[in-house]
Chemist: 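Here it is: the structure, laid out below.
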Amino acid sequence: MIREEIVHINGVPKKLIVFLHGYLDSSDAIDQKLRMLSDSLPSVAVHIPQAPFACEVEPHMRQWYSMYRFDPGYERKNAPSMKEFISYYNRMTLGLEEAYGYLQPYLEQTLSEYGLEYKDLFLCGFSQGAMTAIYTALMCPEEIGGLISFSGIMAGHEHLLKHARSHPRTMLLHGTKDTCLRPQSMEFTAKQLEKLGCQVECKKLAGIGHAVSTEAIESAIDFIKKIIKEDDKSEKLQKIG
């Protein structure tokens, strides 16, 4: 279970933002970069949960699920084709399902604590956290407010194309200089999400490697603000109608 987290609250929360850190990472390590989210968005709670497992390659850091289990030799990095590169991530369904099993109750409990609904949730993640966020958002029993992937890929895509239960509005952000998770992953992920009926926005981050950059966070903030504005307008029209 998830028992550790960092929380920032700005006003009385009407929206919940949950950010999942990456592999070989931690909530503490990424916290400072994410302060912009709570500082720039009023009436939000920003939660940065700590993955419950010590990382298999560095016990002082964390992981959402084992990567070595599905690629013990890290062969995916040197895969000769994009198709083969994607195949390594397609193997990870069991790891993602395990992560979903403990992340989903955390999301439900946190929403309940604030008196919010799934539509008030924005689920974000970086790298392995992005893979976990994508999987969780698509498998959620109800549609969330928005999904934001920082340097991610749709892992376990064959399973998701058959079993996804939701199709959230999505933003994909990826650096053009990413040597860890290939930039082409963004186009692949967008195509899979569109097959499921998701509205997808993509943004290439020129000169950025495998990192959560200030530009990426600013883009995420704009995306969240746009959705909140659209939803507020829709609710007003419904009341008038």
Chemist: Which heavy-atom pair separates S38 from N10 by the least distance, and what is that distance?
Modeler: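 For S38 and N10, the tightest heavy-atom pair comes out as O-ND2, 2.7 Å.
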
Chemist: Answer with yes or no whether the hydrophobic clustering places Y74 together with L24; edges join I, L, V, M, F, W, Y residues whose side-chain heavy atoms lie under 4.5 Å apart.
Modeler: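 Not linked; separate clusters.
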
Chemist: Do V46 and L147 land in one hydrophobic cluster if side-chain heavy atoms of ILVMFWY residues count as linked below 4.5 Å?
Modeler: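 Looking at the clustering, L147 is in a separate group from V46.
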
Chemist: Quick one, M154 and L196 - any side-chain contact, counting heavy atoms below 4.5 Å?
Modeler: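 Contact flag for M154/L196 side chains = yes.
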
Chemist: Is the shortest side-chain heavy-atom distance between S166 and I144 below 4.5 Å?
Modeler: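 S166 vs I144: side chains apart.
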
Chemist: What closest approach, in Å, do H21 and P49 show between heavy atoms, and which atom pair accounts for it?
Modeler: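 Closest pair (atom of H21, atom of P49, distance): CD2-O, 3.5 Å.
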
Chemist: Please confirm whether the backbone N or O of P183 pairs with a side-chain atom of D178, one donor and one acceptor, at under 3.5 Å?
Modeler: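 Judged by distance alone, no pair lies under 3.5 Å.
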
Chemist: Give a yes or no on whether L160 and V200 share a hydrophobic cluster (residues Ile, Leu, Val, Met, Phe, Trp, Tyr; joining criterion: side-chain heavy atoms under 4.5 Å apart).
Modeler: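 Yes; tracing contacts between hydrophobic side chains, which count when under 4.5 Å, links both residues.
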
Chemist: If you measure from the Lys or Arg side-chain nitrogens to the Asp or Glu carboxylate oxygens, is any gap between K226 and D222 under 4.0 Å?
Modeler: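 Between D222 and K226 there is no salt bridge, as every charged N stays at least 4.0 Å from the carboxylate O atoms.
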
Chemist: Report the distance from atom CG of L37 to atom CD1 of I48, rounding to the nearest 0.5 Å.
Modeler: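 Here the rounded value is 8.0 Å.
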
Chemist: Would D120 and Y114 count as a side chain to side chain contact (heavy atoms under 4.5 Å, CB included) if you check the C-alpha gap in whole Å, the side-chain angles of each, and the deciding distance to 0.1 Å?
Modeler: CA-CA 10 Å; D120 303 312; Y114 292 113; over 6 Å; no

Chemist: Hey, what do you get for CD1 (I148) to CD1 (I17), rounding to the nearest 0.5 Å?
Modeler: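 So the gap between those two atoms works out to 7.0 Å.
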
Chemist: Please check: side-chain N/O of Q50 versus main-chain N/O of S27, any donor-acceptor pairing under 3.5 Å?
Modeler: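 Here the side-chain-to-backbone pair exists.
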
Chemist: When you look at M67 and M92, which way does the side chain to side chain contact (heavy atoms under 4.5 Å, CB included) test go after all the steps?
Modeler: CA-CA 8 Å; M67 300 292 277; M92 298 182 183; 3.8 Å; yes

Chemist: Kindly compute the distance separating CD (E98) from OG (S66), expressed to the nearest 0.5 Å.
Modeler: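 These two atoms lie 9.0 Å from each other.
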
Chemist: If I compare all heavy atoms of G152 with all of S185, which pair ends up nearest, and what's the gap?
Modeler: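 Heavy atoms only, the tightest pair is O-CB, 3.7 Å.
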
Chemist: Quick one: does L116's side chain get under 4.5 Å of L121's, heavy atoms only?
Modeler: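 Of all side-chain heavy-atom pairs linking L121 with L116, none is under 4.5 Å.
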
Chemist: Side-chain donor-acceptor pairs under 3.5 Å in residues 124-140, sequence neighbours left out?
Modeler:
residue : atom : partner : partner atom : Å
S127    : OG   : H210    : NE2          : 2.8
Q128    : OE1  : W64     : N            : 2.8
Q128    : NE2  : Y65     : O            : 2.8
T132    : OG1  : Q128    : O            : 2.9
Y135    : OH   : E97     : OE1          : 2.3
Y135    : OH   : H159    : NE2          : 3.4
T136    : OG1  : T132    : O            : 2.8

Chemist: For Y23 and E56, test the side chains for any donor-to-acceptor distance below 3.5 angstrom and give the result as yes or no.
Modeler: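 The criterion, which ignores hydrogens and geometry beyond distance, is satisfied for E56 and Y23.
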
Chemist: Is it true that L111 and Y106 fall in one hydrophobic cluster, defined by side-chain heavy atoms closer than 4.5 Å?
Modeler: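 Looking at the clustering, Y106 is in the same group as L111.
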
Chemist: Checking the side chain of R165 only, and the main-chain atoms of E142 only, is there a donor and an acceptor separated by less than 3.5 Å?
Modeler: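 No, R165 side chain to E142 backbone: no donor-acceptor pair under 3.5 Å.
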
Chemist: To the nearest 0.5 Å, what is the distance between CE (M186) and CG (L181)?
Modeler: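 Here the rounded value is 12.0 Å.
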
Chemist: Side-chain contact test, heavy atoms from C-beta onward, threshold under 4.5 Å: evaluate it for T189 versus T170 and give yes or no.
Modeler: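 Not touching, per the 4.5 Å side-chain cut-off.
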
Chemist: Could you check E143 against H167 for side chain to side chain contact (heavy atoms under 4.5 Å, CB included), going step by step and ending with a plain yes or no?
Modeler: CA-CA 7 Å; E143 193 159 310; H167 53 283; 3.4 Å; yes

Chemist: Hey, could you give me the NZ/CG distance between K177 and L205, rounded to the nearest 0.5 Å?
Modeler: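 Reported to 0.5 Å precision, the distance equals 13.0 Å.
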
Chemist: Between F53 and Y102, does the ring centre distance come in under 6.0 Å?
Modeler: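 So the answer is yes for these two rings.
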
Chemist: Considering only NZ, NE, NH1 and NH2 on the basic side and carboxylate oxygens on the acidic side, decide whether E187 and R182 come within less than 4.0 Å.
Modeler: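 Salt bridge between E187 and R182, a charged N being under 4.0 Å from a carboxylate O: no.
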
Chemist: Identify the two heavy atoms, one from K203 and one from S219, that lie closest to each other, and give their separation to 0.1 Å.
Modeler: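 The answer is NZ-OG, 3.0 Å.
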
Chemist: Show the nearest heavy-atom pair for residues T179 and K77, with the distance to one decimal.
Modeler: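 Distance-wise, the nearest heavy atoms are O-CE, 3.8 Å.
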
Chemist: Just verifying a value: how many Å separate R76 CZ and C180 SG, rounded to the nearest 0.5 Å?
Modeler: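 Separation between the atoms: 7.0 Å.
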
Chemist: Check whether any side-chain N or O of D71 sits under 3.5 Å from a backbone N or O of Y88 as a donor-acceptor pair, and report yes or no.
Modeler: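 Side chain of D71 to backbone of Y88: no pair is present.
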
Chemist: Does a side-chain heavy-atom distance below 4.5 Å link L41 with I221?
Modeler: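 They are in contact (side-chain heavy atoms under 4.5 Å apart), so the answer is yes.
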
Chemist: Can you confirm whether Y68 is buried at OH, in the sense that more than 12 heavy atoms of other residues, nucleotides or ligands lie under 6.0 Å from that atom?
Modeler: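 12 or below, so no.
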
Chemist: Can you see whether H8 engages D31 through a side-chain donor-acceptor pair at a distance of less than 3.5 angstrom?
Modeler: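 Short answer, yes.
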
Chemist: Under a 4.5 Å cut-off applied to non-hydrogen side-chain atoms, are Q192 and K195 in contact?
Modeler: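 Answer yes - side chains close enough.
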
Chemist: With heavy-atom distances below 4.5 Å as the criterion, would you say the side chains of F122 and V44 are in contact?
Modeler: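 No, every pair of side-chain atoms sits at 4.5 Å or beyond.
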
Chemist: Using a strict cut-off of less than 4.0 Å between a Lys/Arg side-chain nitrogen and an Asp/Glu carboxylate oxygen, indicate whether K14 and D232 qualify as a salt bridge.
Modeler: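 Judged by the 4.0 Å cut-off on N to carboxylate O distance, K14 and D232 do not form a salt bridge.
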
Chemist: Might you point out which heavy atoms bring G156 and L96 nearest each other, and give the distance in Å?
Modeler: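 Closest approach of G156 to L96, heavy atoms only: N-CD1, 4.1 Å.
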
Chemist: Could you check F150 against F19 for ring pair (Phe, Tyr, Trp, His ring centres under 6.0 Å), going step by step and ending with a plain yes or no?
Modeler: CA-CA 10 Å; F150 294 73; F19 195 104; 5.3 Å; yes

Chemist: So if you build clusters from Ile, Leu, Val, Met, Phe, Trp, Tyr with side-chain heavy-atom gaps below 4.5 Å, do F223 and I228 land together?
Modeler: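 Looking at the clustering, I228 is in the same group as F223.
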
Chemist: Would you call Q184 and F85 a side-chain contact if the rule is heavy atoms closer than 4.5 Å?
Modeler: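 Q184 vs F85: side chains apart.
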
Chemist: May I have the step-by-step check of side chain to side chain contact (heavy atoms under 4.5 Å, CB included) for E218 and M36, ending in yes or no?
Modeler: CA-CA 8 Å; E218 289 173 345; M36 289 173 60; 3.5 Å; yes

